[in-house]
2 protein chains.
Amino acid sequence: MTRNNDIAIVPTELEAATLGAVWKNGPCTAYSIRQHFLRSPSPRWSGSAGAIYPLIRRLEDQGLVRATATARGKRRQRDYQLTRQGRAVLRRWVGQLSPDPATELVHDPLRTKIFFLDILTPRQAKTFVKNALEAVRNRLSSLQRDCDDNPVEKNRTAYFAARNALLITVARVEWLEEVLHGISDS
Amino acid sequence: MTRNNDIAIVPTELEAATLGAVWKNGPCTAYSIRQHFLRSPSPRWSGSAGAIYPLIRRLEDQGLVRATATARGKRRQRDYQLTRQGRAVLRRWVGQLSPDPATELVHDPLRTKIFFLDILTPRQAKTFVKNALEAVRNRLSSLQRDCDDNPVEKNRTAYFAARNALLITVARVEWLEEVLHGISDS
DNA sequence: CCGCTCATGTAACTGGTTACATGATTTA
DNA sequence: TAAATCATGTAACCAGTTACATGAGCGG
């Protein structure tokens with residue numbers, strides 16, 4: 001099923017993340033990829049079977065992953081690994097700055113809510129911001145732990161990822177503190 | 001079409017943002033809502049007709065907005081405004097901290113890429129991070145301008161929203177600088 | 001042997017997207 | 001009078017989601 005223009009394949013973010021997971025975790029089942037997403041500390045995707053199984057079959061059809069059916073006992077099991085084309089596509093996806101505006105500007109759902117904050121009474125608004133601040137603050141310790149658990153020397157990229165989540169969360173906490181302060185004198 | 005349990009309606013983020021836009025911009029057409037989204041400095045949605053028109057009709061069916069058909073000349077035009085129930089639903093949506101994990105942790109697509117950075121050669125990795133850093137940095141000035149254009153005294157919530165985008169972007173720049181520094185000695 | 005985890009998969013749905021289509025009004 | 005903008009809408013598609021279904025293997 002190998003296509004002659006593999007390099008032209010532009011995967012979605014989930015497809016790329018799946019290729020990446022297969023690349024990192026060596027030969028592994030679709031099931032273990034699901035667990036990888038399900039247990040992710042920053043759950044971008046649900047890791048639902050309905051997403052992963054059809055997706056990985058598509059990757060196989062495109063020649064980006066190869067499966068080895070290792071039937072242990074009567075239990076069927078397909079172990080996937082990246083093909084050369086798979087690595088090429090992943091490499092291309094990682095190295096290419098996408099034209100998606102989200103690359104330059106991330107979305108914060110709290111921003112949308114705060115934009116309409118005036119529909120609440122000052123009292124309600126204050127309560128909401130306080131609650132939001134508390135919820136976001138409560139994340140800090142576990143994000144800090146994620147950084148500590150992945151020291152730079154041991155796993156650079158995992159550390160960088162954890163660090164990204166932490167720094168952005170710190171920025172949001174500071175922002176919410178500003179908002180709380182800004183609405184207090186009214 | 002008014003439901004007796006309006007308060008139970010939980011809108012999507014786009015639905016809530018549409019209610020908010022109608023609330024802020026007074027009686028206005030679906031078209032102007034679209035422009036609102038199209039011209040947004042932080043484009044979360046495309047503002048596509050295929051999204052807005054069916055959506056606002058749904059809101060009307062639910063009794064959250066009311067339309068006045070003001071046919072100027074031969075041109076049909078529906079001007080929407082919030083109903084009491086619409087305001088109630090919007091108020092509820094704004095004031096309620098959603099259980100969505102994104103409330104506590106925002107997603108950064110660059111985080112995913114950096115997580116798989118090791119698939120690139122050190123040289124390629126360095127180039128990529130430099131390019132990403134430049135792209136994100138280039139946003140700073142226009143985000144700063146958005147803040148300046150909406151002074152706190154004049155439009156608090158618009159200022160807060162602009163400030164959110166700026167602070168998160170600053171955090172991302174700092175993060176990318178860390179990453180660049182971290183991969184330079186290798 | 002009961003319940004949990006491993007492992008694979010499908011069906012129906014959702015909340016959007018792009019692209020297309022129509023026609024009135026305004027502006028250069 | 002041609003082009004741009006205002007204004008409304010539909011059809012086909014897309015990348016996910018939840019919920020359901022099946023069955024093997026393993027631990028208490």
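Values reported hereafter were calculated over all heavy atoms of this structure, with side chains retained and with hydrogens, waters and symmetry mates removed. Values in this document were obtained by computation on a predicted structure and should not be read as measured data. Proteins get letters first, then strands, A, B, ... in listed order; numbering begins at 1 in each.
Proximity note for Ala49(B) (side chain, C-beta onward) versus dT10(D), dT10(C), dT17(C): the nearest is dT10(D). Of all nucleotides listed (dA24(C), dG16(C), dA7(C)), dA24(C) comes nearest to the side chain of Lys74(B). With dT8(D), dT17(C), dA7(D) as the candidates, the nucleotide lying closest to the side chain of Ser46(B) is dT17(C). Of the candidate nucleotides dT8(C), dT5(D), dG16(D), dT5(D) has the atom nearest to the side chain of Tyr31(B). Residue Arg75(B) places its side chain closer to dT25(C) than to any other of dT25(C), dT8(D), dG9(C). Of the candidate nucleotides dT8(C), dT17(C), dT8(D), dT17(C) has the atom lying nearest to any side-chain atom of Trp45(B). Of the listed nucleotides (dT17(C), dT8(C), dT10(C)), dT8(C) has the atom at the smallest distance from the side chain of Gln77(A).
In this structure, Glu15(B) pairs ionically with Arg58(B), as a charged nitrogen and a carboxylate oxygen lie closer than 4.0 Å. The pair Asp118(A)-Arg156(B) meets the salt-bridge criterion, with a side-chain N (NZ, NE, NH1 or NH2) lying under 4.0 Å from an Asp/Glu carboxylate O. By the 4.0 Å N-to-carboxylate-O rule, Arg137(B) lies close enough to Glu177(B) to be salt-bridged with it.
Rounded to whole Å, atom P of dC14(D) lies 10 Å from atom CZ of Arg58(A). Atom CD of Glu15(B) is separated from atom P of dG15(C) by 7 Å (rounded to the nearest Å).
Using a 4.0 Å heavy-atom cutoff across all strands shown, Arg78(A) reaches sugar-phosphate atoms only and no base atom. Looking at heavy-atom distances under 4.0 Å, Leu14(A) makes contact with sugar-phosphate atoms alone, never a base. Here Ser48(B) lies in heavy-atom contact (under 4.0 Å) with a base. Counting any heavy atom pair closer than 4.0 Å across all strands shown, Arg57(B) reaches sugar-phosphate atoms only and no base atom.
Leu82(A) pairs with exactly one of Leu59(A), Val89(A), Leu90(A) by the side chain to side chain contact (heavy atoms under 4.5 Å, CB included) rule, that one being Leu90(A).
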